[in-house]
Amino acid sequence: MFENTVFGRLDQKLQHAIKDAGYETPTPIQEKAIPYLLDGRDLIGCAQTGTGKTAAFMLPILNHLVRVRRPRRIGHPRALVLSPTRELAVQTAENVKRYSKYAELPFACLIGGVSQYGQVKDIKKGAETVVACPGRLIDLMNQGILYLDQVECFVLDEADRMLDMGFLPDIRRIISKLPKSRQSLFFSATMPPPVLKLAGELVHDPASVTISPETPTVEKINQKVMFVAKSHGTGLSSSRRCATARTAS
Ligand code: AMP
């Protein structure tokens, strides 16, 4: 189906799903990162959202889960993606659902601010992939509902935002519960020294992929800033509110 691209190395079930998603060719980060990840390498990726990075890490992970089946252990996921915000976690989980539609790969999205009921139900159904924000993940670990001892693939997404949001102690705690032998992927839009230090603690002999910010796929979206009346604002504290408009070009 995708014989001449890296997508052609993926399981047929995943290839069908990405065809349905309308992807025709891999984005630069997918072209560069997927071969390393299919070979089981750790990776440091310097890339923003909008470059197709979610598929770059999710497709090889799902490929591993499809091709290397193991007896399902409730509460012991095989893949963990850590996201700094609920919005990013939901978006990533939507992609997991989209890419695994022909493969039987249950998943759970664990975010705060909502009841844990549905999330616990998804874990009990045997979620193999968990996409989570640090707070809810630790909460469910503390309750004895989720264990990280069987995680084979771990992704720390938007690491710079994680640190900005003060998640470092939570991240360290989570990493300490992961098995020593695992594949680790580290993504960040920027790589200041504290982020690089964290990367060094997480990955082992990593491949490295950098995508310049000039080429995100969202360049097809026009963005405008408009000042609007207070009564139509966004809840920000300034008397003149700032709204952004996004339209496809
Ligand atoms: P991300 O950077 O992962 O947030 O992806 C940004 C957008 O690009 C999402 O809407 C993806 O569905 C889309 N996308 C990812 N990979 C491809 C591809 N190979 N071809 C077309 N669209 C893609």
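As the structure lists them, so they are numbered: ligands from 1, and atoms in each ligand from 1.
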**Whether over 12 other heavy atoms sit under 6.0 Å from Q143 CD** = yes
**Prompt:** Just distances here: any N/O of A55 and N/O of ligand 1 closer than 3.5 Å?
**Reply:** no
**Prompt:** Based purely on interatomic distance, does T54 place a nitrogen or oxygen under 3.5 Å from a nitrogen or oxygen of ligand 1?
**Reply:** yes
**Item:** Closest to atom 16 (N) of ligand 1 among Q30, E94, E24 (heavy-atom distance)
**Value:** Q30
**Message:** What I want to know is whether G50 and ligand 1 share at least one N or O pair that is separated by under 3.5 angstrom.
**Reply:** yes
**Message:** Looking only at distances, can you tell me whether any N or O atom of Q48, backbone or side chain, sits closer than 3.5 Å to an N or O atom of ligand 1?
**Reply:** no
**Message:** I'd like to check which ligand 1 atoms, numbered from 1 as shown, lie under 4.0 Å from a non-hydrogen atom of T49.
**Reply:** 2 (O), 4 (O)
**Prompt:** Polar-atom distance check: N95 versus ligand 1, any N or O pair below 3.5 Å?
**Reply:** no
**Nearest-0.5 Å distance that lies between atom CZ in F7 and atom NZ in K19** = 12.0 Å
**Asked** Just wondering, do P134 and M162 contact through their side chains at under 4.5 Å, heavy atoms?
**Response** yes
**Request:** With heavy atoms under 4.0 Å as the rule, classify the contact between R98 and ligand 1 as side chain, backbone, both or neither.
**Result:** side chain
**Message:** Between ligand 1 and T25, can you find any atom pair, the residue atom being a heavy atom, that is separated by under 4.0 Å?
**Reply:** yes
**Message:** Test of understanding: with side-chain hydrogen bond (donor to acceptor under 3.5 Å, both in side chains), list the residues that count as partners of S100, not counting sequence neighbours.
**Reply:** none
**Message:** Can you tell me which residue among K13, R98, K101 is in a salt bridge (charged side-chain N to carboxylate O under 4.0 Å, His left out) with D20?
**Reply:** K101
**Asked** If you look at every heavy atom in L38 and L10, which pair is closest and at what distance?
**Response** CD2-CD2, 4.1 Å
**Request:** Would you mind reporting whether R78 and T129 have side-chain heavy atoms less than 4.5 Å apart?
**Result:** no
